[in-house]
Amino acid sequence: MSGLHLAGIDAATLARAGLGLAAAVVVLYVLKLRRRPIAVPFAALWQRVLRDRDATTLFSQLKRLLSLLLQLALVALMLGALGDPRSAAVSVTGRHLVVLVDASASMKATDVSQPRGEEGPRRTRLDVAKERLRQTIRGLSGNDRMLIAALDSTVTPLSTMTGDVGELERALDAVRAVDVRASYAAGLRYALDSLRGLPNPEVVVASDGALGEATDGRGPVDLGSAKLSYVKVGDSSSSRNVAVTGLSVRRYPLDKSRYEVLVEITNTMDDAATVELELVGDGRITDIVKLSLGARETTTRFYPNLSGADRTLEARVRLADGAFDDLPADDRAFALLPERRRARVQVVTRGNMYLDAALLLDEYLEVVPVEPDAYPAEGAFDVTIFDGVAPPVAAGSGGVLYLAPPSDEHTPFKLGARLTSDVATPLGFDELDDRHPLVRYLSLGEVNVGRARELEAVEKKDATVGRSLKGTLLLAGRRKGKPFVALGFDVRDSDLPLRVAWPLFVMNVIAHFLDEDTGYISSFRTGEVWSIPAAASEKTATLTLPDGAECLIPVKDGRAVYLGQEAGLYGLSLGGERSGFAANLSDPAESAITPEPELKVGETRAGELEGFTVGARRELWVYFLVAVLVVSALEWLTYHRRVTV
Amino acid sequence: MTTRTLRGLWVAVCAVAFAVLAYLYWRRVWLAPPGAFVWIREGVRHELLAPRMLGTALLAPWFVGVLAWSLADLPWQQRLLSVLLRSGFALLLGLGLARPVRATESDRVALVVLVDVSDSVADEAIADAQRVVNDAFAAGRPDDLVKVVTFAERPRLVEATSPDGRAAPPTLVRHARSEAAARDDVGAGTNLQAALQLAYGLFPPGYLRRALVVSDGLETDGDVLAEANRARQYGVSIHAIPYRREPPAEVAVRELVLPERVKVGETFEVRADVFATRAARAKMRLYQGEALNGLDGVRDVELEPGANSVVWKSVVRLPGEVTYALELAEVSADRFTENNRIATTIDVPGRPQILYVEDAPEYGGPLARALTAQQYEVDLRPPSGFPTSLKELERYDLVILSDVPRERFPASAQTLVESYVRDLGGGFLFAGGENGYGLGGWQDTPLARVLPVRMDAERMNRTPSVAMALVLDHSGSMTGLPMEMAKKAAKATLDVLAGDDLVSVVVFDATPETVVKMQPVRNRTRIRSLISQVQPAGGTEIFPALDRAYGLLNVTEARKKHVILLTDGKAPSGGIRELVSQMIAESITVTSVGLGSEVDEQLLRTIAEVGGGRYHHAPDPNSLPRIFTKETERIARAAAVEEWFPVVQTDHASFLKRLDVRSAPLLHGYVTTRLKPPPAVQLLANADTDEPILARWRVGTGWVLAWTTDVKTRWATEWVGWSGWEKFWGQLVREHMRTKDRHELELRAELRSGILHASVDAFTADERFDNQLDSRLTITGPLPGSDKRVVPMRQTAPGRYEVEVPLEKHGSFLLRAEHVRELEDGTLRPVAVSRGHVSNPYPREYASFKTDEATLERLSLVGGGSFAPDGLARVVDPAGERIPSHGELWSRAVMAAIAVFLMDLLLRRVRLFDRSFRVARARASARGGSKRLARG
């Protein structure tokens, strides 16, 4: 120990108080208890008393002094405790420990011994880990410092690097397991950052060991001189778990009224198991099936060609024998079907029967025709089609489709040369970006165009979707988060309206604007940073968590950003609009809850956590008070036996 | 009762009391659940953190028990009080040890200043940050706390102390690259999220938590926006001050964009996106592999501030992996060289492979040359060389089967072709000729099923299909079996021909005789009778007989005119060749049959060759009926039209767009077929009859085309010389060949924080989701190099396969995903492939230098702090905010214990009770004195 400092009452105050108390004690000792007069019938006794007087007087004085000193010592100890003496903050001999408490989903497993006869929720691996760490905290020696951090999909320190038992215990209590896989590398890197420059660094991982490789985008983690210790929890002999490791739903690209569901079930046990799978749509059971799974088998079930109004889907799995498995967290998964909402389409035209006919094809469209002079119509629209006009785009117009724009004064692109068809080089789509969603399922290669205007992209990200040898005819892009598509010719100057491709093209454009692309994924995976589509004009959005709590999250480049760690159904409010999405663990590795017997970082194998004597506390005042108690108990006996007075 | 008994009773009572207390302690304290010792008093939460220390109350029986042996001279009341005080003293100390705490509130501020010292930050900006740090130490109140974390690829806590031992502003310095990072070549970086997480661990309890981020907002690892609301959740307010210094002079190549697909020999554009913070000059070198780009290799460019786009032309001459690298040199204003080079690798497929199967490969020249000129690799083979497995056939992008008779193309090969088209998406062109379609006996074959045309062609006009003249030698040498067999053979032809077909029989010896005039075959009975009457006689003169047959056919109208000449002897050959030449000019073909060993084989061969027919040698007369039947069948089913006709386009097709078929020369023959119902489409037709010349339809994922004329100099003789011949075939093949490697699925690849995210959407031909594929992604790179990693892709949604792989190294990576399906028998069938590439050229730290204020603004917005505050007063101002903290109360218990201790001491030293003995003794003294006086 290099030195002490006082964390409680300062030394000067203590000194003053000590002087006062000492004086009080001395004064009390100066007082002499008046003794009772006792009549002694035998005078010879006095002779004996008088004979030993010299010796007893001296002994009596010594006893009196000893008694005084004892009382003063007791006072000193108590004052010393009030001073809360601590060893100096930096010690060359103390250890510095960063304790990473695994808070991943597998730590919710209940395959640990349960308290006998106790009712209430079953004890989890995390509970056991906390129990062991609590003992460790109380076993910290005077010079040790510890930091408690929760290790989930990222790392969250919950205390400072401290020797304060109370702070560490409160930090430990705050660790909560979430539905993610632990990010081992992130935790270790944080621990090493926190231990940088500190003597005797040690990383303690309290976990079931299902942490994978300690590597990330910056390569494998190098522990350097830090020691690695492993507090293992979980029982490898009794882990029972079946899991929904995948649930998703997608609408078919062509027939968007129908959709297909994927459910992946995994038996993580070493024995075969029969499980019962339930598929629930909008709270009603859609399907129940019993499945037999071999040891460590994963099976995928598809529900094709579903239709109906199901919006929320939930898959539940349980052991068919009615027994609970050890990890309920992965027994349910959620998915949200992309809603087919009625899209509002504003058609700014002087009349185009081909366009009208194409828009009649989709019953989910609410078409509002508008004369060019009357633009914009009232209300907000998802899509605006400018047919032969190109006025300034009003707010609430949604995505804009330009058909044969007459000028580029207000368009997000430039108009180039006038193109005409001739016998030698007929005008049409000579090159098409087959991968672009606008031309999906279309055969535009045979379209003949009489005349057109070349379209010129203004921004680098604008996509040339179709072009003739003479110039671009179909252009797509995005301005301030709003998409636009431009067709460089009047469809009446071509044979496009006579083809099936024309209504499909219009539908593709609308689907593109509505983001009804098949790229929609019905659920996010927990533990990842979610980029949720959102209006680019907003800077923040309000996210409603599965438990109903709300939080503010940032929006950037048309995406709301959130690190999701809980499975369930979420809501997103943005500029008055609400949308929803689901999130699932969907991680077979995390559902395989059999604990790992050893923990490694590269070639370094973690050792046992050692050197903690359970019960020893590092606050000196505790020892001072205990000493006071012991001494006062003994002094009580000596006083009453007149050993001290 | 004796004293001993009393003491025993006393001890027993104390022991019972101890037992009761211990039991209560065990049940109520030791076994109490966590949180049992929590109580709210006047709205304030109190708690005992270590309630088990209340066990000090168990000392009370000890204090009482000792009294049994007490020698202290104290009245019993005082003893009782003393026991109570001493027990209270122990209990108070126990209470202190039990660590009572209560929630208190504090407005002290702990501020952690997070300073970005990454490479993208200018030195001047770090000097600005130093001033912010100094201000932070000056701005707060004395009991506030300031800590400083600098961060680049990882964060560090930096501390300094003043001479008086107090915390002082540290000096900001850039981080030296860690040895491990340098060894792993992971490069520089910025991780704002990690810095914020480190800060969480620096806030002591009982302090308001404030983080001040001083940064350019450009992060290469982590996601600070995702951390923003988490920080708020942990009670940390985030304020942000963006660096607003002009970024250092820097030029960075950000991207090298190549087309998705590059073809060998085709010129394309390579676009380089170069970012410059200030106007600069640079020399750019574009490398293709190890050498400078051939078309355009070196340029001196003037770069404007901001994004610059530089476009280069290039061409790839050889297929395979091609790495393009762009290097900047002699940059006028540049700080880092790491970002002056970028490389991207593409996989250039070789020329399309065409398998051209020709019955007579020596006639395959015109089409093979045309295709080669159009940049195709042509593999010209005879039918016997046709691949025997689908895997071998998979190499080809289109298969042409030209003029091959059915008997030379086994059924197994036909099945292979069907699988090749249906499952692998290959293109197949079936070309006609004298062995094509019905002529080759292709009716009712597996291959006929996949063709878009039918071969049981009906007459498109009233013109008889076939007019046949049988010229039979009835010289004396034919006497006996030969004559009978010849007659039988002639009769057999009648069974093969249709009723509308025309037949004539000319017999000859020295002179010809028309036994059966040209008449429809439906008169079979009469014709048979006439043939039966033929008797052998005389010598052998072929010319007059052939001439007679020519005369008969020449005046007959039929689409196919044919002569079968049968002879068993030698005859003068004068004029025969010329005659036959004249016949063929009139589209009259001649087949010769030599019976026995005495024939002039040379003459008969010449007749057949010149006459466009076949020569058959029949050593045994019994074979004559079979030969005649076969020959007639060939002619009858041929339904071939050998006449000049123009071609007309009957439907749209992209490959015909810039070809004026109307200007094409005439074709000279085709095989009559009939278009199958839609979706079969007729593209080209005989302008006169509207019969199909070219038809197509889709079969599975591929195309099948029927070309009913030939691709050789027989029927297409004029087309071979047409200027559009090469272009026609080039465009036709390009549109119908397998354009993608098998079925190619799009691979989306993205690099985020050093992790490659790859995904593929798989759809079936009917646009349903293609599920349960076994997909594996092969990552090759960094290139040039041969490091390969194969990782499985996991199906995460209907039709979607995904994988995430960390890419630790910098460079260009080629991606190729193989999608296979496991069949019921356990074999794996390839379904599709996906190709892509991803470039991880250099640490992203060197890619951007302009402060990302949007990120910092949103960070502070969600973090509940201020963005670009004027001063730090607002940052360190508690603004009425208070934070709950645990107030330790144990010291109060100890103070109370001291007070009790003093009281206990006082009780020992001052007799408070039983003071009456003084009065009693005084009275007694008074009584004794009076007695003594009385006695005295």
Side-chain angles (χ1 to χ4, degrees), chain A residues 8 24-25 28 31 33-37 71 78 81-82 147 155-157 160 166-167 190 193-194 196 215-219 222 246 248 250 252-254 260 262 300 302 425-426 435 445-446 521 529 539-540 551-554 556 561-563 622 625 628-629 632-633 636-637 639-642, chain B residues 49 56 59 62-63 66 69-73 86 90 93 96-97 154-156 180 184 186 197-198 200-202 204-205 221 223 225-226 228-230 652 654 657 746 753-755 767-769 771-772 796-798 806 808 854-855 858 861-862 886 891 894 898 902 905-906 909-911 917 921:
Chain A
V25 171
L28 286 171
L31 295 175
L33 185 70
R34 186 176 295 274
R35 292 178 179 167
R36 280 181 303 156
Q71 306 300 345
M78 286 188 281
L82 286 173
L147 184 151
V155 61
T156 310
T160 55
E167 185 186 345
Y190 166 76
D193 289 337
S194 298
R196 177 186 294 275
T215 184
D216 58 11
R218 300 190 77 78
D222 181 6
S248 58
R250 292 179 86 179
Y252 288 110
L254 281 182
E260 186 165 321
L262 172 152
T300 308
F302 295 93
T425 50
R435 299 182 178 194
E446 293 159 10
I521 291 299
V529 175
K539 291 180 178 174
T540 59
C551 68
L552 197 68
I553 59 172
K556 193 183 171 210
V561 182
Y562 183 70
L563 174 62
V622 174
L625 292 190
V628 169
L629 273 171
S632 67
W636 181 257
L637 177 66
Y639 169 74
H640 283 281
R641 293 306 298 163
R642 306 298 294 168
Chain B
L49 294 180
T56 54
L59 282 172
W62 164 260
F63 294 134
V66 166
W69 286 271
S70 178
L71 298 176
D73 180 25
R86 186 52 64 110
L93 288 183
L97 287 169
R154 297 303 307 173
R156 287 178 197 175
D184 297 337
V186 290
Q197 288 171 345
L198 187 72
Y200 297 159
L202 302 175
D221 298 293
D223 195 325
L225 287 182
N229 74 297
R230 274 167 47 81
H652 294 282
S654 294
K657 244 184 161 180
E746 185 185 353
S753 297
I755 310 272
E767 295 297 340
R768 297 275 159 155
F769 301 116
N771 296 319
Q772 294 190 300
T796 57
E808 292 94 0
T855 293
R858 282 156 179 77
L861 202 59
V862 173
H886 287 280
S891 58
V894 174
I898 291 174
L902 288 176
L905 209 56
L906 181 71
R909 312 306 300 178
V910 179
R911 184 178 294 275
F917 69 89
R921 193 179 62 174

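What's counted below: heavy atoms across the whole structure, side chains too, no hydrogens, waters or symmetry copies.
- Ranked by non-hydrogen atom pairs under 4.5 Å with chain A, the options Leu59(B), Asn229(B), Thr56(B) are led by Asn229(B).
- Taking the side chain as every heavy atom from C-beta outward, Asp221(B) and Asp216(A) never approach each other to under 4.5 Å.
- When atom types are taken as modelled, the side chain of Thr160(A) and the backbone of Pro204(B) share no donor-acceptor pair closer than 3.5 angstrom.
- Proximity to chain B (any heavy atom under 4.5 Å) is shown, for Tyr190(A), by both the backbone and the side chain.
- Residues Tyr200(B) and Pro157(A) approach most closely at CB-CG, 3.3 Å, considering heavy atoms.
- For Leu861(B), the parts sitting under 4.5 Å from any heavy atom of chain A are the backbone and the side chain alike.
- With contacts defined as side-chain heavy-atom distances shorter than 4.5 Å, the pair Val25(A)/Leu902(B) qualifies.
- Of the residues considered (Pro806(B), Ala72(B), Ser70(B), Pro155(B)), Ser70(B) shows the highest number of contacts with chain A, using heavy-atom pairs under 4.5 Å.
- With a 4.5 Å cut-off on non-hydrogen atoms, Val155(A) touches chain B through its backbone and its side chain both.
- The candidate with the highest count of non-hydrogen atom pairs below 4.5 Å against chain A, out of Arg230(B), Glu746(B), Gln772(B), Arg154(B), is Arg154(B).
- Taking the six-membered ring where tryptophan is involved, the planes of Trp636(A) and Phe63(B) are perpendicular, since the angle between them exceeds 60° and thus also 30°.
- The distance from the OH atom of Tyr639(A) to the CZ atom of Arg86(B) is 9.5 Å, given to the nearest 0.5 Å.
- No other option in Leu629(A), Val561(A), Thr215(A) has as many heavy-atom pairs under 4.5 Å with chain B as Leu629(A).
- The closest side-chain heavy-atom distance from Thr300(A) to Asn771(B) is not below 4.5 Å.
- Annotation for Gln71(A) and Leu905(B): closest pair CD-CD1, 3.6 Å, computed over non-hydrogen atoms.
- Checking Gln197(B) against Asp193(A) by side-chain atom types alone, no donor-acceptor pair falls below 3.5 Å.
- Taking CG from Leu147(A) and CG from Leu202(B), the interatomic distance works out to 8.5 Å, rounded to the nearest 0.5 Å.
- Of all non-hydrogen atoms in Leu552(A) and Val862(B), the two that sit nearest each other are O-CG1, 3.2 Å.
- Residues Pro798(B) and Arg250(A) come closest through the heavy atom pair O-NH1, 2.7 Å.
- Of the listed residues (Ile755(B), Leu198(B), Leu93(B), Leu71(B)), the greatest number of heavy-atom pairs within a distance under 4.5 Å of chain A belongs to Leu71(B).
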**Request:** Would you sort out whether Val894(B) and Val628(A) count as a side-chain contact (heavy atoms from CB on, under 4.5 Å), showing the intermediate values?
**Result:** CA-CA 11 Å; Val894(B) 174; Val628(A) 169; over 6 Å; no
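- When heavy atoms are compared at a cutoff of 4.5 Å, Ser891(B) approaches chain A by way of both its backbone and its side chain.
- Side-chain atoms of Arg641(A) come within 3.5 Å of backbone N or O of Trp69(B) as a donor-acceptor pair.
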